[in-house]
Enquirer: 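Shown below is the structure under consideration.
Along the sequence shown, the residues carry numbers beginning at 1. Keep in mind that this is a model prediction, so the values were computed, not measured.
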Amino acid sequence: METGDSWTKPTPEEARQLLANANTEEHATANRPVPIWYYPVIALVLFVIFALNSIDEPAGFIRVFIGVLVLVLASGVAVLAWRFSVNQPGYKGIHVSWGPTIAITLLAASFPIAAIALDDILGSWVWIAAGAALAALVLATGIPYQRKSRNG
């Protein structure tokens, strides 16, 4: 059995290899991989939610159906986000870069706010435009993240 007394200082090559291994492990932890379908599905669901909001003055039953569908879709997005980000074994307690996270959240929140503000002025088509823009933002940030997490 080896004891702490027999430890020797690593050679420069061994130290470089240990640092490279540590960097690889840190990268795998910091950039959690997600399935290839994850960001396209999130983008599509967000677009559908916005498109449903573009329907002008739906009648009674249709209004209820749309409301329930929007709630189900929004809950689905929340479950996917929870499943593939927060609820990952081995990824508990990692450091989150709050600056970029808050910035992208505020940017994403500006799309429905803009649609609400402009709906009465420009018409309900702004919901479709805002949904398409938000879906594009999700894809523009998600696809490079997927590549980075896959390729290092």
Enquirer: Compare every heavy atom of Val126 with every heavy atom of Ala115, then report the nearest pair and how far apart it is.
Expert: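 It is O-CG2, 3.7 Å.
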Enquirer: Any chain of hydrophobic side-chain contacts (each under 4.5 Å) joining Val34 to Val45?
Expert: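 Yes; Val45 is reachable from Val34 via cluster members.
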Enquirer: Please check: side-chain N/O of Glu14 versus main-chain N/O of Thr11, any donor-acceptor pairing under 3.5 Å?
Expert: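 Yes, the answer is positive, given that a donor and an acceptor are paired below the 3.5 Å cut-off.
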Enquirer: After noting the C-alpha distance and the side-chain angles of Val48 and Val70, does the key distance pass the side chain to side chain contact (heavy atoms under 4.5 Å, CB included) rule?
Expert: CA-CA 8 Å; Val48 169; Val70 165; over 6 Å; no
Enquirer: Quick one: CD1 on Ile42 to CZ on Phe47, what's the gap to the nearest 0.5 Å?
Expert: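 Going from CD1 on Ile42 over to CZ on Phe47, the span is 15.5 Å.
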Enquirer: About how many Å separate CG of Leu73 and CZ of Phe50, when rounded to the nearest 0.5 Å?
Expert: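 Result: 12.5 Å between the selected atoms.
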Enquirer: Do you know the tightest heavy-atom contact between Ser54 and Ser124?
Expert: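 Heavy-atom minimum between the residues: O-OG, 2.9 Å.
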Enquirer: Grouping I, L, V, M, F, W and Y whenever their side-chain heavy atoms are under 4.5 Å apart, do Leu52 and Val72 come out in a common cluster?
Expert: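 No, Leu52 and Val72 fall in different hydrophobic clusters.
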Enquirer: Would you indicate whether the side-chain heavy atoms of Asn53 and Ile66 approach each other to under 4.5 Å?
Expert: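 Not in contact.
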Enquirer: Of all the heavy-atom pairs spanning Ala43 and Leu139, show the shortest one and how long it is.
Expert: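 That would be CB-CG, 3.8 Å.
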Enquirer: Is there a continuous path of hydrophobic side-chain contacts, each under 4.5 Å between heavy atoms, that joins Leu44 to Val77?
Expert: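 Yes, it is one cluster - the side chains of Leu44 and Val77 are joined through contacts under 4.5 Å.
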Enquirer: Verify the cluster assignment for Leu69 and Ile49: are they in a single hydrophobic cluster under the rule of side-chain heavy atoms below 4.5 Å apart?
Expert: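 Yes.
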Enquirer: Would you give the length of the straight line joining atom OH of Tyr145 to atom OH of Tyr38, rounded to the nearest 0.5 angstrom?
Expert: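 Between Tyr145 OH and Tyr38 OH, I get 9.5 Å after rounding to 0.5 Å.
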Enquirer: To the nearest 0.5 angstrom, please state how far the CG atom of Leu18 sits from the CD atom of Glu13.
Expert: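 Interatomic distance, Leu18 CG to Glu13 CD, rounded to 0.5 Å: 10.0 Å.
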Enquirer: Enter the distance from Asp119:CG to Trp125:CH2 here, rounded to the nearest 0.5 Å.
Expert: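 The distance works out to 10.5 Å.
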Enquirer: Hydrophobic clustering (ILVMFWY, side-chain heavy atoms < 4.5 Å, transitive) - are Ile116 and Ile113 grouped together?
Expert: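 Each belongs to a different hydrophobic cluster.
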Enquirer: Can you tell me how far apart CG (Leu122) and CH2 (Trp127) are? Round to the nearest 0.5 Å.
Expert: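 Here the interatomic distance stands at 13.0 Å.
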Enquirer: Should Ser110 and Leu107 count as side-chain neighbours, where that means a heavy-atom distance under 4.5 Å?
Expert: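 A side-chain contact exists here, since the closest heavy-atom pair is under 4.5 Å.
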